[in-house]
Protein chains: 2
Amino acid sequence: MPDKTPSSTSTPISPAERIRATGARATPARIRVLELLSSAPVPLSHHDVELALGDATLDRVTLYRVLDWLVASGLAVKRADERRVWRFTLAGGGQHHSHVHFRCDACGRVYCLDAPAPIAPVMPEGFTLARLEFDLSGRCADCNRSAR
Amino acid sequence: MPDKTPSSTSTPISPAERIRATGARATPARIRVLELLSSAPVPLSHHDVELALGDATLDRVTLYRVLDWLVASGLAVKRADERRVWRFTLAGGGQHHSHVHFRCDACGRVYCLDAPAPIAPVMPEGFTLARLEFDLSGRCADCNRSAR
DNA sequence: ACTTCAAATGCAACAATGTTGCAATTAGAT
DNA sequence: ATCTAATTGCAACATTGTTGCATTTGAAGT
């Protein structure tokens with residue numbers, strides 16, 4: 001029974017409404033991708049979205065255009081991950097608490113350290129800070145052990 | 001005055017010697033690329049290297065292999081930049097003091113803030129920390145002004 | 001409901017970046 | 001000078017992203 005997001009007192013804006021609010025058309029492609037991003041616990045790559053859509057696949061090019069449109073319209077944010085793959089997240093919505101990552105230069109693995117995120121520095125006048133990421137690199141225990 | 005922080009009395013190791021020291025062959029391709037990386041003030045991409053070699057071009061594939069070999073042998077380090085292009089730097093030599101970067105989600109520009117780098121967290125047993133990077137993102141003053 | 005038309009899509013073709021297999025070349029040891 | 005495994009160059013392929021254009025469609029107006 002899919003209960004349709006209980007609308008207590010606030011208005012639960014649907015993906016379609018959020019899209020129309022930007023002045024653009026609420027097409028199935030945009031709606032589905034936006035829903036996916038909304039429910040994804042982590043940033044999704046173009047390929048992730050393709051797989052997730054599964055049967056109801058969009059054209060590859062359309063997906064590129066939808067994703068870029070979401071970014072241009074401010075609904076999503078695009079970032080390259082450590083393996084230089086583009087990943088998309090809902091703008092603002094994410095609220096991913098800022099991780100600390102360690103990447104091994106030798107094997108490429110990424111570890112999530114559980115260390116406190118550093119405090120944000122003072123931003124220059126007019127700048128808005130949306131997210132901060134602290135990335136460390138070096139050699140992991142495995143590689144240090146095997147290589148020398 | 002570019003004093004190359006040589007260890008005063010030590011021998012200035014030539015690229016060829018440094019390559020042979022790893023047990024591999026000192027080929028012209030490797031020597032030229034290593035020299036390039038040594039003299040480059042900033043990390044170079046595959047394409048940068050191709051352009052820099054100019055007339056004396058290597059095969060595209062050979063260059064990929066040389067760069068990867070440099071990384072595998074520990075002479076160079078590979079990192080993706082904000083535009084997700086691989087960039088190579090001499091290992092160790094760099095000593096780029098750890099910057100704090102701010103990337104604008106709207107225009108993509110990268111600003112170097114001059115803020116103190118955060119202190120490194122305690123590393124797990126066996127891990128070696130080689131570099132740390134603190135990346136911030138949001139909207140820059142220009143974009144905040146124009147796009148409300 | 002029906003029309004209309006710019007916006008959005010799908011397709012085909014292309015571009016950039018990276019990878020693999022293999023035959024020809026060559027650095028460096030003997 | 002010779003030998004041989006380590007490199008190289010080439011061709012072919014894979015992945016990821018872009019562009020032009022003909023077709024379809026959301027939603028505004030009738």
Side-chain angles (χ1 to χ4, degrees), chain A residues 14-36 43-88 108, chain B residues 14-36 43-88 108:
Chain A
S14 77
E17 285 167 335
R18 214 168 333 179
I19 291 167
R20 283 195 209 94
T22 71
R25 289 193 194 166
T27 66
R30 287 177 180 166
I31 295 172
R32 261 179 307 172
V33 174
L34 188 54
E35 282 173 344
L36 250 175
L44 299 180
S45 65
H46 174 103
H47 190 58
D48 291 340
V49 175
E50 259 186 333
L51 293 181
L53 289 177
D55 41 327
T57 321
L58 298 177
D59 184 74
R60 219 164 54 82
V61 177
T62 300
L63 180 50
Y64 276 116
R65 293 199 270 226
V66 165
L67 288 170
D68 284 343
W69 176 84
L70 286 171
V71 172
S73 69
L75 291 174
V77 170
K78 181 190 199 179
R79 266 192 82 75
D81 70 9
E82 322 74 30
R83 289 197 284 277
R84 20 122 300 171
V85 173
W86 287 123
R87 298 201 165 265
F88 300 83
Chain B
S14 77
E17 286 166 336
R18 212 165 337 175
I19 291 167
R20 281 195 210 94
T22 70
R25 288 192 195 168
T27 65
R30 287 175 180 167
I31 295 172
R32 259 177 310 170
V33 174
L34 188 53
E35 281 172 344
L36 250 175
L44 300 180
S45 66
H46 174 104
H47 190 58
D48 291 340
V49 175
E50 259 186 332
L51 292 181
L53 289 176
D55 40 327
T57 322
L58 299 178
D59 182 75
R60 218 163 54 82
V61 177
T62 300
L63 179 51
Y64 276 115
R65 292 199 270 226
V66 166
L67 288 170
D68 284 343
W69 175 84
L70 285 171
V71 172
S73 69
L75 292 173
V77 170
K78 180 191 201 179
R79 264 192 84 74
D81 71 8
E82 323 74 31
R83 289 196 285 276
R84 24 117 302 172
V85 173
W86 287 123
R87 299 203 164 264
F88 300 83

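Quick caveat, the model's predicted, so the values are computed rather than measured. Reminder, nothing fancy here: chain letters follow the sequence lines and each chain counts from 1.
Between A/V66 and A/V49 there is no side-chain heavy-atom pair separated by less than 4.5 Å. Contact check for B/V33 versus B/W69: no side-chain heavy atoms found under the 4.5 Å cut-off. In this structure the side chain of A/K78 never reaches within 4.5 angstrom of the side chain of A/L70, judged on heavy atoms.
Protein atom CG of B/D48 is 14 Å distant from nucleotide atom C1' of C/dT17, rounded to whole Å. C/dC11 atom C1' lies 16 Å from atom OH of A/Y64, rounded to whole Å. A straight line from CG of A/D68 to P of C/dT9 spans 12 Å, rounded to a whole angstrom. One interatomic measurement links the two molecules: CH2 of A/W86 to C1' of C/dT17, which rounds to 15 Å at whole-angstrom precision. The CZ-P distance, from B/R87 to C/dG18, rounds to 11 Å in whole Å. When the P atom of C/dT17 is taken as reference, atom CG of B/D59 falls 16 Å away, rounded to whole Å.
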Heavy-atom contacts, protein to nucleotides 23-30 of chain C, under 4.0 Å, summarised as B (base), S (sugar-phosphate only) or - (none) per nt, yield ---BBS--
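Within 4.0 Å (heavy atoms only), A/R30 reaches sugar-phosphate atoms of the nucleic acid but no base atom.
Scanning atom types as modelled, no donor and acceptor separated by under 3.5 angstrom connect the side chain of B/R65 and the base of C/dG18. Looking at A/R60, its side chain has no donor and acceptor atom pair within 3.5 Å of the base of C/dG10.
Protein chain B contacts DNA chain D from D/dA5 to D/dG17, reading 5' to 3' and using non-hydrogen atoms of the protein with a distance under 4.0 Å.
Among all heavy-atom pairs drawn from A/D59 and A/V61, the shortest one is OD2-N, 3.0 Å. The minimum heavy-atom distance linking B/I31 with B/A26 is given by the pair CD1-O, 3.9 Å.
Evaluated for a side-chain contact (heavy atoms from CB on, under 4.5 Å) with B/L58, the options B/E50, B/R65, B/R32, B/R30 yield exactly one hit, B/R32. Tested against B/H46, the residues B/W86, B/F88, B/Y64 include a single ring pair (Phe, Tyr, Trp, His ring centres under 6.0 Å) partner, B/Y64.
Between B/D48 and B/R87 there is a salt bridge, with a side-chain nitrogen of the basic residue lying less than 4.0 Å from a carboxylate oxygen of the acidic one.
With values rounded to the nearest 0.5 angstrom, B/L34 atom CG is found 9.0 Å from B/S14 atom OG. Considering CG of A/L67 and OG of A/S45, their distance stands at 9.5 Å, rounded to 0.5 Å. Distance CG/B/L63 to OG1/B/T57: 10.0 Å, rounded to 0.5 Å.
Here A/R84 does not reach the OP1 or OP2 of C/dT17: none of its side-chain N or O atoms lies under 4.0 Å away.
For the helix from C/dA1-D/dT30 to C/dT30-D/dA1, the end axes, each set by the C1' atoms of five terminal pairs, are bent relative to each other by 30° (nearest 10°).
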